[in-house]
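Input: a single structure, listed below in structure tokens.
Hydrogens, waters and symmetry mates are skipped; everything else that's a heavy atom, side chains included, is used. Indexing begins at 1, ligand by ligand and atom by atom, following the structure's order.
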Amino acid sequence: MQLAIVIMAAGKGTRLKSRRPKVLHQVGGRALVEHVIAAAAQVVEPKDIYVVIGHEAEQVRTALAPTGVRFVVQAEQRGTGHAILTAKPEVEDYEDLIVLSGDAPMITTETILTVRDFHLEQRAAMTILTARPADPTGYGRVIRKSAAEPDVVAIVEQKALKAEQQFAPEINSGIYAFRAEALFKHLGQLSTDNAQGEYYLTDMAALLVKAEKRVVALETADAHEVLGANTIAEMMQLDAEMRMRAARALMAEGVTIYRPETSVIDGTVKVGADTIIEPFVQLLGRTVIGSGCRIRSHSVIEDSKIGDDVLIRNGSVISGAQVAKGALIGPYSHLRPESEIGEGAHVGNFVETKKARLGVGAKANHLSYLGDADIGAGTNIGAGTITCNYDGKAKHVTQIGANVFVGSDSTLVAPLAIADGSYIAAGSTITEDVPADALALGRARQTTKPDWAKKMRSRK
Ligand code: UD1
Ligand code: CA
């Protein structure tokens, strides 16, 4: 077997002060370790990716199961060297290993391939990917034999740096390639004689050098790519960068994004050309937006499909919904899962839909709840209309045909069918089916008492 990738993801992430395991914290709309797996899966098959899990192992395993990777459980987290030792029985028969950190999510497939190729070319026992970030504080430092050569003497962790090494600029990215045979021959020699009392994988550099094996460093062109996320603040910095990357990619495809630094766009989102996105918009998950749309400020759209030429006015919340071409949504509409808004339909302010289908050109412009409803083309839903879809136990469907006029403040008690072309008088409570072209009234008859108010006032 040739190459396996081991992703170390067992640590607790003490510096986060969070109950959630570190590698499941999200940046750019995805868990840290999922970014790493996505990059690795372009290099080897998922079955050749081994994720070392430990802290909250079952939670991490469940979250990552769909990726098809394999898992190694490191029950006690005794350091990065111990993480690899735990994986030994699974990976010792591969020729070479690439080791990645589950908390360094910016790594790209290209960089992994560059490390692999350099490692094989150099016939090294260990290859260390390094970088020179503006501030190296906190990282282990790679000490080379000489500046001109790739050969390494050792990796020195921050806490063990000698006075003259404090400003050593070249950091250990935590990304390595190893010749498996050399690694496992010497891995048992690691000790816990260090500041953390842990088995440091970084000590393999000096151990292999001592055993006269070749240990080399390769500096990455882009120091950004190897940044680790050890604190929430660091994660949010990476998050902002990833979102900006997503926004730039969309702008390159003809999308206009005003003040892109204020928008939150997942890398998975697709948007067509000539769509305009105003400040403070969130586009999340598997959202696809057509071309020629306008998404006004403070709208949040998640896992939804929006057709071409749709106007989404301010403050709309749309999740798991579909909106067809030319529709007009908001301001302040709430489209919940399985809502399907037809071509040219209007959904206005303070209208909530759930599992509701609005036909072509249908309108629900003001203050309504439409749940489990099927509404035909050209139908007008008056202000304040409510579908009473829940009887306390089960949900029921309201069916409204085409070109129906539902008067304002109507209460439609499901299960209910209102046929094409009928009228519902304003203020009605409708509990029985309405045939086509009928008028249904369901309200108390009005009583008017002439001069009543005048008399009352004169009594005072
Ligand atoms: C490590 C390196 C440091 C390097 C930095 C780059 C060591 C000793 N130090 O430090 O030289 O500059 O990465 O980001 O390796 N993990 C396990 N099991 C464990 C311990 C850790 O799986 O027992 C995992 C963590 O979940 C994490 C990764 O290994 O994903 C790195 O561990 P972390 O504690 O973050 O190491 P750093 O202190 O960042
Ligand atoms: Ca780290």
Side-chain angles (χ1 to χ4, degrees), residues 5-16 18 20-25 27 31-37 40 50-57 59-61 64 71-88 91 99-107 126 128-133 135-143 152 154-161 165 168-176 178 187 190-207 217 219-220 223-235 238:
I5 296 183
V6 181
I7 301 175
M8 300 183 292
K12 179 165 188 271
T14 315
R15 290 164 277 188
L16 290 181
S18 161
R20 193 151 25 121
K22 177 195 210 170
V23 294
L24 292 189
H25 274 258
V27 298
L32 294 176
V33 65
E34 282 182 283
H35 288 280
V36 182
I37 292 172
Y50 295 81
V51 181
V52 182
I53 56 176
H55 178 68
E56 297 287 358
Q59 199 183 331
V60 180
R61 188 199 293 268
L64 302 182
F71 297 96
V72 172
V73 179
Q74 184 194 16
E76 249 186 291
Q77 291 86 57
R78 298 165 67 191
T80 46
H82 182 253
I84 301 302
L85 194 63
T86 310
K88 181 181 170 191
V91 299
V99 174
L100 306 174
S101 270
D103 66 346
M106 306 288 274
I107 188 69
M126 177 179 188
I128 305 155
L129 182 68
T130 71
R132 290 169 195 263
D135 181 10
T137 314
Y139 289 93
R141 305 308 158 75
V142 175
I143 311 298
V152 166
I155 303 173
V156 185
E157 287 304 296
Q158 169 79 36
K159 284 178 181 160
L161 289 173
Q165 293 171 329
E170 191 169 13
I171 66 149
N172 166 29
S173 68
I175 291 162
Y176 320 88
F178 287 101
L187 193 59
L190 289 179
S191 82
T192 56
D193 183 16
N194 54 50
Q196 315 250 111
E198 288 185 349
Y199 295 98
Y200 287 171
L201 186 59
T202 47
D203 288 345
M204 284 310 298
L207 277 177
E219 187 187 332
T220 172
H224 260 93
E225 245 189 65
V226 301
L227 292 182
N230 294 316
T231 63
I232 303 261
E234 282 171 0
M235 282 184 199
L238 298 186

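- Dense packing is recorded around CG of D135, with more than 12 heavy atoms of other residues, nucleotides or ligands lying under 6.0 Å away.
- Contact between G228 and ligand 1 is absent, with no heavy atom of the residue lying under 4.0 Å from the ligand.
- Each of the atoms 23 (O) of ligand 1 lies under 4.0 Å from some heavy atom of R78.
- Across V36 and G102, no two heavy atoms sit closer than the pair CG2-O, 4.0 Å.
- The part of A83 lying near ligand 1 is the side chain, judged by heavy-atom distances below 4.0 Å.
- With a 4.0 Å heavy-atom cut-off, ligand 1 is reached by the side chain of Q74 but not by its N, CA, C or O.
- For V6 against V52, the heavy-atom pair with the smallest separation is CG1-CG2, 3.8 Å.
- A donor-acceptor pair under 3.5 Å is absent between the side-chain atoms of E76 and the main chain of Q74, judged by distance alone.
- Considering only non-hydrogen protein atoms, atom 34 (O) of ligand 1 sits nearest to R15 NH2, 3.7 Å.
- Within D103, the N, O or S atom lying nearest to the Ca ion (ligand 2) carries the name OD2.
- Regarding atom 21 (C) of ligand 1, its nearest protein heavy-atom neighbour is T80 CG2, 3.9 Å.
- Ligand 1 has a nitrogen or oxygen under 3.5 angstrom from a nitrogen or oxygen of G140.
- Using 4.0 Å as the threshold, H82 has no heavy atom nearer than that to any atom of ligand 1.
- With distances taken over non-hydrogen atoms, the option nearest atom 12 (O) of ligand 1 out of V6, N194, N172, T130 is N172.
- Heavy-atom separations between K159 and ligand 1 are all 4.0 Å or longer.
- Protein heavy atom closest to atom 28 (C) of ligand 1, with residue, atom name and distance, is S101 OG, 3.6 Å.
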Task: Full working for salt bridge (charged side-chain N to carboxylate O under 4.0 Å, His left out) between R132 and E170 - done: CA-CA 5 Å; R132 290 169 195 263; E170 191 169 13; 3.7 Å; yes

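- The protein non-hydrogen atom at the shortest distance from atom 8 (C) of ligand 1 is Y200 CD2, 3.4 Å.
- Scanning all protein heavy atoms for the shortest distance to atom 30 (O) of ligand 1 gives M8 O, 2.8 Å.
- Using a distance-only test at 3.5 Å, with no hydrogens or angles considered, a donor-acceptor pair links the side chain of H35 to the main chain of V27.
- Interatomic distance, N230 CG to Y139 OH, rounded to the nearest 0.5 Å: 7.0 Å.
- Residues T192 and R78 have side chains not in contact (no heavy-atom distance under 4.5 Å, counting atoms from C-beta outward).
- When all heavy atoms are compared, the tightest approach of R141 to Q158 is NH2-OE1, 2.7 Å.
- Inspection of the Y199 and D203 side chains reveals no N or O donor paired with an N or O acceptor under 3.5 Å.
- Of the protein's non-hydrogen atoms, G11 N, 3.8 Å is the one closest to atom 25 (C) of ligand 1.
- Only side-chain heavy atoms of K22 come within less than 4.0 Å of ligand 1; its backbone N, CA, C and O stay farther off.
- Taking all heavy atoms of G79, A10, G174, P21 into account, the minimum distance to atom 19 (C) of ligand 1 is reached by G79.
- In terms of modelled atom types and a separation under 3.5 Å, the side chain of S18 and the main chain of R20 share a donor-acceptor contact.
- S173 approaches I175 most closely through the heavy-atom pair OG-N, 3.0 Å.
- The protein non-hydrogen atom at the shortest distance from atom 1 (C) of ligand 1 is E157 OE1, 4.7 Å.
- At a 4.0 Å cut-off, at least one heavy atom of A9 sits close enough to ligand 1 to count as contact.
- Judged purely by atom type and a 3.5 angstrom limit, R61 has no side-chain atom pairing as donor or acceptor with the backbone of I53.
- Residue contact annotation: S173 has a non-hydrogen atom under 4.0 Å from ligand 1.
- Put simply, N230 gets within reach of the Ca ion (ligand 2), with an N, O or S atom under 3.0 Å from it.
- The protein non-hydrogen atom at the shortest distance from atom 35 (O) of ligand 1 is D103 OD2, 3.2 Å.
- When every heavy atom of A40 is checked against every heavy atom of L100, the shortest pair comes out as CB-CD1, 4.1 Å.
- Under the 4.0 angstrom criterion for non-hydrogen atoms, T202 is in contact with ligand 1.
- Atom 4 (C) of ligand 1 is flagged as protein-proximal [any protein heavy atom, distance under 4.0 Å].
- When non-hydrogen atoms are compared, ligand 1 lies under 4.0 Å from the side chain of N230 (C-beta onward) but not from its backbone.
- Residues V99 and L201 share a closest heavy-atom pair of CG1-CD2, 4.0 Å.
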